[in-house]
There are 2 protein chains.
Amino acid sequence: MSTTPLIHVVDDDDSLRTALLRLLGAAGFEVRGYASTGDFLLYPLPDRPGCLLLDVRMPGPSGLELQAALQRQGVALPVIFLTGYADVADSVRAMKAGAVDFLAKPVERAALFDAIQRALACDAVQRTARQEAEQLRARFASLTLRERAVFDRVITGKINKQIAEELGIAERTVKMQRAQFMVKLGVNSVAELGRLAERLRRLSD
Amino acid sequence: MSTTPLIHVVDDDDSLRTALLRLLGAAGFEVRGYASTGDFLLYPLPDRPGCLLLDVRMPGPSGLELQAALQRQGVALPVIFLTGYADVADSVRAMKAGAVDFLAKPVERAALFDAIQRALACDAVQRTARQEAEQLRARFASLTLRERAVFDRVITGKINKQIAEELGIAERTVKMQRAQFMVKLGVNSVAELGRLAERLRRLSD
DNA sequence: GTGACTATTGGACGAAGGGGCACTATTGTT
DNA sequence: AACAATAGTGCCCCTTCGTCCAATAGTCAC
């Protein structure tokens, strides 16, 4: 069920990165180290719980640029920054972009583990939310255009007769399509249908 | 309709505060200046759109402490920090606590107005969300215990007969209470009722 | 006790939803 | 050309819902 979290460490300082990997590994996490932004982006990201410990200043693309790139790609992996240079502008930019924390090197063990815990909690919430959204979208994607048209009108409270007239079809047909998408959506009552519709609407806006 | 936003400026530096007030006033905002955290907290906060420009280091309670106090009181006024001392720890703490931005003095006009614009947008979103939540809660608060019991079962798709048996009352009575809360909640169909129920559930968790 | 008020109930009728059965038209397949 | 497969339809029956008219029982103030 619960896979052990995978923690990615991106830092060009070999000795620090190795120390971090050892520390986190000893704490029971699965870990992967990368010496640069490019190394990290080289292979596709496995779809599993985790977070990213990211150095800010490195040869090549900076940690901030990596964070922005991940955002553009729609990757929601929580990021914890580690930096040796105290730069307020960097920290603010990172936090505005959604970083979980921004820690100064040398980082204290307690602060690091606290940040990781928050990052993993954040990731877990995001993952379940995304998963539920996917399931919901999938269910609605199986509806035909006609069924979807009837659905849209049912959830606004219209009665079959009105729907039939609006769509230029027989009331009997409305009943059929209605019954069909009730099965497809896995609901047994109009009330549940309305709740499902509201959950779908939340995803859109 | 749209009140001009009210911008609060808390800074112990009289000349800077005055300059900020003049600048923002000239830009069309309504402004109020405070020389300390205490001054700001002295009077109740008017309930209107706005944001808070807050210095970090001041004699007495710091800006960060004020931010924390506002959070504890449930005040959601967006905060933009201004600081003369570049301190990464402060900036991270402020941003983690939800600050809109954290700007170094001397602050550029463009950066300031950009931050203010984002803060006001954020405030507007929060205010409408809170207002809708209030209205929703108010509508549900008008339901009697019995009506609420029937409501809970209607939205799970139970039919009147089942509800009547569960609650130990006649089906006829269920119908009546059902009609009553439909009026109270201002909906015309079970589908809308379900959507309303889902919106209410969102507020709880 | 009396009257006002609320909650609850019974019976009945029309409107609406749900679904079974059979027919038709269109489309794609062999 | 013959043959499914599918969507749309008409007819009919049953259940459920919404509502009107009326009646009963409990509570509270005076």
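The analysis underlying the following values was restricted to heavy atoms, covering all of them including side chains, and did not include hydrogens, waters or symmetry mates. Throughout, protein chains are lettered first and strands after them, A, B, ... in sequence-line order, and every chain is numbered starting at 1.
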Fill in: Strand contacts (DNA chain C) in residues 141-160 of chain A, 4.0 angstrom heavy-atom criterion
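The answer is Ile159(A), Asn160(A).
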Fill in: Those residues of residues 176-196 of chain A lying under 4.0 Å from DNA chain D by at least one heavy atom
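Heavy-atom contacts with DNA chain D come from Met176(A), Gln177(A).
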Fill in: N/O donor-acceptor pair, side chain Arg172(A) with base dG18(C), under 3.5 angstrom
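It does not, because no donor-acceptor pair links the side chain of Arg172(A) to the base of dG18(C) below 3.5 Å.
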Worksheet item: For Asp87(A) and Val56(A), what are the C-alpha separation, side-chain angles and deciding distance, and is it a side chain to side chain contact (heavy atoms under 4.5 Å, CB included)?
Response: CA-CA 10 Å; Asp87(A) 187 315; Val56(A) 176; over 6 Å; no
Pair [X] + [Y]: basic N to acidic O under 4.0 Å:
X: Asp55(A); Y: Arg17(A); value: no
X: Glu198(B); Y: Arg201(B); value: yes
X: Arg93(A); Y: Asp90(A); value: no
X: Lys158(B); Y: Glu166(B); value: yes
X: Lys105(A); Y: Asp13(A); value: no

Practice prompt. Can you run down the salt bridge (Lys or Arg N to Asp or Glu O under 4.0 Å) pairs that involve residues 174-192 of chain A, sequence neighbours left out, and say none if there aren't any?
Written response: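 Passing the test, one end in residues 174-192 of chain A: Glu147(A)-Lys184(A).
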Worksheet item: Taking only residues at least two apart or on different chains, which pairs with a member in residues 38-47 of chain A satisfy salt bridge (Lys or Arg N to Asp or Glu O under 4.0 Å)?
Response: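 Salt bridge (Lys or Arg N to Asp or Glu O under 4.0 Å) check on residues 38-47 of chain A returns Asp47(A)-Arg127(A).
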Item to complete: Could you check if a side-chain atom of Leu70(A) sits within less than 4.5 angstrom of a side-chain atom of Phe40(A), using non-hydrogen atoms only?
Response: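 Heavy-atom side-chain distance check passes, below 4.5 Å.
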Discussion item. Are the side chains of Val150(B) and Gln180(B) in contact, using a 4.5 Å heavy-atom criterion?
Written reply: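 A side-chain contact under 4.5 Å is absent here.
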Between the protein and nucleotides 24-28 of chain C, list every N/O to N/O distance that falls short of 3.5 Å.
none

Discussion item. Could you tell me how far apart Ile169(B) (CD1) and dT6(C) (P) are, to the nearest whole angstrom?
Written reply: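 To the nearest whole Å, that distance equals 19 Å.
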Discussion item. I want to verify a distance call: between dA16(C), dT9(C), dA12(C), whose nearest atom is closest to the Thr173(B) side chain?
Written reply: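 Closest of the options to the side chain of Thr173(B): dT9(C).
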Worksheet item: Nucleotide range of DNA chain D contacted by chain B, 5' to 3', under 4.0 Å to a heavy atom?
Response: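 That gives a stretch of dT16(D) to dC21(D).
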Fill in: Minimal non-hydrogen separation, Thr3(B) against Arg48(B), with atom names
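Minimum heavy-atom separation between Thr3(B) and Arg48(B): CG2-NH2, 3.6 Å.
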Fill in: Euclidean distance, His8(B) NE2 relative to Leu77(B) CG, rounded to 0.5 Å
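These two atoms lie 5.5 Å from each other.
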Fill in: Parallel, tilted or perpendicular, as decided by the 30° and 60° cut-offs, for the rings of Phe181(B) and Phe151(B)
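Rings of Phe151(B) and Phe181(B): perpendicular, over 60°.
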